[in-house]
Amino acid sequence: MAKLKVKKIRSAINRTARQKRTLESLGLRKMNQVVEHEDNSVIQGMIAKVQHLVSVEEA
């Protein structure tokens, strides 16, 4: 399967608790942190909910 690199580019301050939990479950805690995930529908849905806080590219 394809891999995705997800990078946190904006702060979670003043965001809803749901968005903060989504970032945490993606493994993003610090600014500019990059994590790799398999490209599947679950990860795509999580990214869609916080797309304004992260950048995504194929690994």
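Any value given below was found using the heavy atoms of this structure, including those in side chains, with hydrogens, waters and symmetry copies removed. On a predicted model such as this, the values are computed, not experimentally measured, just so you know.
- The hydrophobic cluster containing Leu26, built from Ile/Leu/Val/Met/Phe/Trp/Tyr side-chain heavy atoms closer than 4.5 Å, also comprises Leu4, Val6, Leu23, Leu28, Val35, Val42, Ile43, Met46, Ile47, Val50, Leu53, Val54, Val56.
- Sequence neighbours left out, the pairs with a member in residues 41-59 that pass side-chain hydrogen bond (donor to acceptor under 3.5 Å, both in side chains) are Asp39-Gln44.
- Grouping Ile, Leu, Val, Met, Phe, Trp and Tyr residues whose side-chain heavy atoms lie under 4.5 Å apart, directly or via other members, leaves Val34 alone, with no other cluster members.
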Sequence neighbours excluded and cut-off under 3.5 Å, please list the side-chain donor-acceptor pairs for residues 10-21, or say none.
residue, atom, partner, partner atom, Å
Ser11, OG, Ile13, N, 3.1
Thr16, OG1, Gln19, N, 3.3

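- Residues passing the side-chain contact (heavy atoms from CB on, under 4.5 Å) test with Glu36 are Lys3, Lys5, Ala59, sequence neighbours excluded.
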